[in-house]
Amino acid sequence: MEFCPKCGKMLIPKEEHGVVYLVCPVCGFKKKAEERGYTTTEKRKEESSGVAVNAENPNLPITTVQCPKCGNDKAYFWVEQTRAADEPPTRFYKCTKCGYVWREYS
Ligand SMILES: [Zn+2]
Ligand SMILES: [Zn+2]
């Protein structure tokens, strides 16, 4: 976390042409981000809404698995890498009948 040397406001990471800058939202102060690992607001939004977006996707494949909520035996499924990259991905299911979403660790 870095702060503006001019007015003391928190600097916001912003990506321009593949380079991440830290920009002050108040006075417009801008400097190149020295540390790696900064992500832009747009990227963070994508990550956090991953499950919801996929759950609404009508083009997902359907598999035979029993819904723990209503007992229906068909559900949409998709796979997501939700934990560390070296761990196996998590499989998600969404019931075709009641819309309940649950996950299964593979
Ligand atoms: Zn400032
Ligand atoms: Zn169900």
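In each ligand, atom 1 is the first atom listed, and ligand 1 is the first ligand listed.
Here the angle at the Zn ion (ligand 1) defined by SG in C27 and SG in C24 stands at 110°, rounded to 10 degrees. Vertex the Zn ion (ligand 1); arms to C4 atom SG and C7 atom SG; angle 110° (nearest 10°). Angle subtended at the Zn ion (ligand 2) by C95 SG and C67 SG: 110°, rounded to 10 degrees.
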Derivation of the salt bridge (Lys or Arg N to Asp or Glu O under 4.0 Å) call for R91 and E80: CA-CA 6 Å; R91 181 179 275 225; E80 273 184 37; over 6 Å; no

Check against salt bridge (Lys or Arg N to Asp or Glu O under 4.0 Å), K30 and E16: CA-CA 12 Å; K30 186 164 126 181; E16 282 178 26; 3.2 Å; yes

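Side-chain atoms of T96 do not come within 3.5 Å of backbone N or O of A75 as any donor-acceptor pair.
No continuous path of ILVMFWY side-chain contacts below 4.5 Å connects F29 to V26, so the two sit in separate hydrophobic clusters.
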